[in-house]
Colleague: 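Right, I'll just put the structure down here and ask away after.
None of these values were measured; they are calculated from a predicted model. A note on names: the letters A, B, ... follow the listed sequences, proteins ahead of strands, and every chain is numbered from 1.
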Amino acid sequence: MAEAEAFYITTPIYYVNDKPHIGHAYTTLACDVISRFMRLDGRDVMFMTGTDEHGQKVENSAEAAGVEPLAFCDGVSQNFRDLSPMLNFTNDGFIRTTEDRHTVACQAIWQAMVDSGDIYLDSYAGWYSVRDEAFYAEDELQDGANGEKLSPFGAPVGWVEEPSYFFRLSQWQDRLLAYYEEDPNRILPQSRRNEVLSFVKSGLRDLSISRTSFKWGVPVPGDDGHIMYVWVDALTNYLTAVGYPDTEAESFKKYWPADVHMVGKDILRFHAVYWPAFLMSAGLAPPKRIFAHGWWTVEGKKMSKSLGNFIPPQDLVDRYGLDQARYFMMRELPFGNDGNFSHTAMVNRMNSDLANDFGNLAQRVLSMINKNCDGAVPNPGLLTVDDSALLIPARALLANMRGAMESQTIHQALIQLWEVVGEANRYVDSQAPWALKKTDPARMATVLYVLAEVIRHLAILAQPVVPDAASKMLDQLAVPEDQRSFAALNDAGMLVPGTPLPKPQGVFPRYSGPEEGDDAKSGA
RNA sequence: GGCUCCUUAGCUCAGUUGGUUAGAGCACGGGAAUCAUAAUCCCGGUGUCCCCAGUUCAAAUCUGGGAGGAGCCA
């Protein structure tokens with residue numbers, strides 16, 4: 001048997017100063033769904049997430065909390081690690097930038113960039129905001145209440161002048177453009193690719209990549225007074241995770257370059273411009289794809305500290321159910337677009353798509369089998385044209401969904417799946433097995449078999465998004481654990497007539513909680 | 001200020017290289033059915049395809065201008 005094709009996908013590493021909210025959950029969820037799909041499809045998947053723990057803000061927060069930075073990070077990093085069990089994420093690892101192996105990797109890539117002549121020492125002066133971690137030009141600043149200078153985002157700034165190492169980004173314009181041209185889907189969605197292209201075409205300036213003003217970070221090799229700028233440090237995690245600097249390591253040879261870096265649109269530039277340039281400078285292959293997804297608003301409003309409307313992922317799970325929350329986030333909006341979270345939309349999705357369409361389909365079919373076929377997989381007779389009309393699209397689903405997942409259009413994959421759910425429901429009505437029960441029991445058995453087989457396809461293919469519910473459905477069809485990958489979506493995996501089936505139970509309950517509004521949900 | 005993109009049914013959106021009566025889901029109304037989680041199935045839209053002008057035998061689809069919105073950059 002041929003070796004499985006590797007697939008390496010990453011989330012950004014999350015900044016420990018933040019509290020996990022629906023936005024973080026969303027990014028990791030998308031990677032989880034893609035990872036699960038790829039695994040079921042026979043790929044050798046490496047799915048990484050983690051936390052970004054360096055920088056002046058962390059240093060300050062730790063000081064304010066009266067603890068050592070690392071102890072501070074240990075605590076808050078755990079909040080992000082907790083997302084995995086909470087949302088059923090299947091990440092293969094969790095990386096922290098405070099790990100020793102990461103320091104080694106950062107210093108190695110730095111040295112490689114030095115060796116290729118892309119790093120030089122100069123000095124940097126400008127208005128700097130600790131909160132934004134960015135420098136600003138004089139004319140970008142706004143005036144604060146007391147005449148103080150503020151960043152465009154309203155953060156305090158101070159004049160900073162310090163020696164700094166620079167990366168010769170200005171020399172990489174043509175090579176970056178060639179890298180983008182090489183694959184028109186290098187950066188997705190297309191609108192984001194356009195932005196990156198116009199940014200790079202407008203000319204690149206050398207990039208300041210070290211600081212001397214704080215200590216909490218990775219020291220520059222051979223010059224301990226300098227700490228690496230947050231992005232060299234953070235981005236390198238993707239290499240650390242697969243064994244860099246040991247480029248002969250099995251994991252590195254297998255997984256690098258990454259297949260997909262999933263990012264929020266706010267950090268696209270770092271991933272699509274700086275990171276490929278760093279990598280190429282260090283003699284390493286740049287990532288195959290960078291996908292920038294959109295933002296969620298909540299009930300039509302941007303999430304913000306002042307509104308305090310961040311949705312903790314746990315609230316979603318508690319209120320609507322784990323699979324329901326996962327399904328909603330993946331289905332509600334075209335992946336890549338911005339979208340709005342609302343209670344009404346959430347309940348609509350879980351009731352219409354999950355309970356009414358998919359859940360009820362399984363329930364009505366399994367119930368009929370349970371009552372009329374001795375609680376076992378029915379024995380089919382010859383198939384008719386009507387049967388084929390349903391089976392053919394069901395069997396075509398894998399190829400179609402694979403196409404969608406390869407371009408990260410996750411919502412499209414789900415739309416395709418639900419088209420077959422709809423056809424199956426129509427087939428139930430047109431075949432009316434409850435009537436056949438009296439007139440033609442053999443035909444009834446055939447119809448129910450066809451339906452069970454179609455539900456087997458649907459449940460196997462739904463596993464990446466609604467793993468728990470799909471697995472319960474497969475249990476009810478008595479599909480063995482080792483027959484649940486996509487490889488089982490062929491004749492050999494077909495349900496065996498006569499196999500005893502357990503008593504069916506609904507897997508997608510309708511929403512029955514409070515009607516509307518946030519006040520109703522928590523007495524806490 | 002420069003660049004990119006968007007504006008299609010009440011809501012969310014599809015609409016390939018211009019071509020017969022512009023589509024889907026949800027919501028809404030009517031009907032059928034009764035296996036099922038009061039779920040399912042069928043039927044139902046006189047929508048200025050943002051506005052104006054142009055190209056064309058023919059434009060939601062191309063060109064120019066305008067209005068509104070989003071994003072990236074400076």
Colleague: How do A:Asn348 and A:Phe358 order along RNA chain B: which one's closest nucleotide is nearer the 5' end?
Modeller: A:Asn348

Colleague: Starting at the 5' end of RNA chain B and moving along, which residue's nearest nucleotide shows up first, A:Glu195 or A:Pro433?
Modeller: A:Pro433

Colleague: Taking the side chain of A:Lys265 as heavy atoms from C-beta outward, which of B:A39, B:U4, B:G71 is closest to it?
Modeller: B:G71

Colleague: So if I take every side-chain heavy atom of A:Asn425 and compare against B:C41, B:C35, B:A27, which nucleotide ends up nearest?
Modeller: B:C41

Colleague: When you compare B:C5 with B:U63, how far apart are their P atoms, in angstrom units rounded to a whole number?
Modeller: 10 Å

Colleague: Is the positively charged end of A:Arg269 above the ring of A:Phe199, judged by distance under 6.0 angstrom from the centroid and angle within 45° of the axis?
Modeller: yes

Colleague: More than 12 heavy atoms of other residues, nucleotides or ligands under 6.0 Å from NZ of A:Lys19: is that the case?
Modeller: no

Colleague: With rounding to the closest Å, how many angstrom separate the C1' atoms on B:C72 and B:G18?
Modeller: 31 Å

Colleague: Mind checking the C1' distance from B:C50 to B:A39? Whole angstroms is fine.
Modeller: 40 Å

Colleague: Check every strand shown and say whether A:Arg426 touches a base, only sugar-phosphate, or nothing at a heavy-atom separation below 4.0 Å.
Modeller: sugar-phosphate

Colleague: Would one find more than 12 heavy atoms of other residues, nucleotides or ligands at under 6.0 Å from atom CD of A:Gln314?
Modeller: yes

Colleague: Give A:Val507 one of three labels, base, sugar-phosphate or nothing, depending on what nucleic acid heavy atoms sit under 4.0 Å from its own.
Modeller: base

Colleague: Which base sits across from B:U37 as a Watson-Crick or G-U pair, both distances under 3.5 Å?
Modeller: none

Colleague: Just call it for A:Asp353: base, sugar-phosphate, or nothing, with non-hydrogen atoms closer than 4.0 Å on any strand.
Modeller: nothing

Colleague: Does a side-chain N or O of A:Asn356 approach OP1 or OP2 of B:U40 to a distance below 4.0 Å, or not?
Modeller: yes

Colleague: How long is the line joining CG of A:Leu333 and C1' of B:C11, in whole Å?
Modeller: 15 Å

Colleague: Side chain of A:Gln363 only, heavy atoms from C-beta on: which candidate in B:C5, B:U37, B:C35 is closest?
Modeller: B:U37

Colleague: Does B:C72 have its OP1 or OP2 closer than 4.0 Å to a side-chain nitrogen or oxygen of A:Arg269?
Modeller: no

Colleague: Rounding to a whole Å, what distance do you find between A:Asn370:CG and B:A36:P?
Modeller: 11 Å

Colleague: Check every strand shown and say whether A:Arg192 touches a base, only sugar-phosphate, or nothing at a heavy-atom separation below 4.0 Å.
Modeller: sugar-phosphate

Colleague: Please determine, for the side chain of A:Asn360, which listed nucleotide (B:U37, B:A74, B:C3) has the closest atom?
Modeller: B:U37

Colleague: Taking the six-membered ring for Trp and the single ring otherwise, decide whether the centroids of A:Tyr15 and A:His24 are under 6.0 Å apart.
Modeller: no

Colleague: Name the residue from A:Met329, A:Gln324, A:Arg331 that meets the side-chain contact (heavy atoms from CB on, under 4.5 Å) definition with A:Arg349.
Modeller: A:Arg331

Colleague: If we take the C1' atom in both B:A14 and B:G47, what is their distance in whole Å?
Modeller: 15 Å

Colleague: Provide, to the nearest angstrom, the distance between the CG atom belonging to A:Asp357 and the C1' atom belonging to B:U40.
Modeller: 9 Å

Colleague: Determine the interatomic distance between P on B:C49 and the same-named atom on B:G10; round to the nearest Å.
Modeller: 12 Å

Colleague: Looking only at the side chain of A:Met368 (C-beta and beyond, no hydrogens), which of the listed nucleotides B:C35, B:U37, B:U40 gets closest?
Modeller: B:C35

Colleague: Can you measure A:Asp429 atom CG to B:G31 atom P for me and round it to whole angstrom units?
Modeller: 18 Å

Colleague: Looking only at the aromatic ring of each residue, does the gap between the centers of A:His261 and A:Tyr238 stay below 6.0 angstrom?
Modeller: yes

Colleague: What is the distance, rounded to the nearest whole Å, between atom CG of A:Asn337 and atom P of B:A70?
Modeller: 15 Å

Colleague: Rounded to whole angstrom, note down the C1' distance from B:C13 over to B:A22.
Modeller: 14 Å

Colleague: Write down the distance separating the P atoms in B:C6 and B:U16, rounded off to the nearest Å.
Modeller: 11 Å

Colleague: Check every strand shown and say whether A:Ser367 touches a base, only sugar-phosphate, or nothing at a heavy-atom separation below 4.0 Å.
Modeller: sugar-phosphate

Colleague: Between A:Gln476 (CD) and B:A36 (P), how many Å, whole number?
Modeller: 15 Å

Colleague: Between B:U37 atom C1' and A:Tyr511 atom OH, what is the distance in whole Å?
Modeller: 17 Å

Colleague: Return the pairing partner of B:A24 with a 3.5 Å limit on both distances, Watson-Crick or G-U wobble; otherwise return none.
Modeller: B:U12

Colleague: Using whole Å, what does the distance between atom P of nucleotide B:A70 and atom CG of A:Asn340 come to?
Modeller: 15 Å

Colleague: Taking only the P atom of each, what is the distance from B:A67 to B:A59 in whole angstrom?
Modeller: 26 Å

Colleague: For A:Lys371, answer base if it contacts any base atom (sugar-phosphate contacts may also be present), sugar-phosphate if it contacts only those atoms, and nothing otherwise; contact means non-hydrogen atoms under 4.0 Å.
Modeller: sugar-phosphate

Colleague: Are A:Trp275 and A:Phe270, when compared by the centres of their aromatic rings, separated by less than 6.0 Å?
Modeller: no

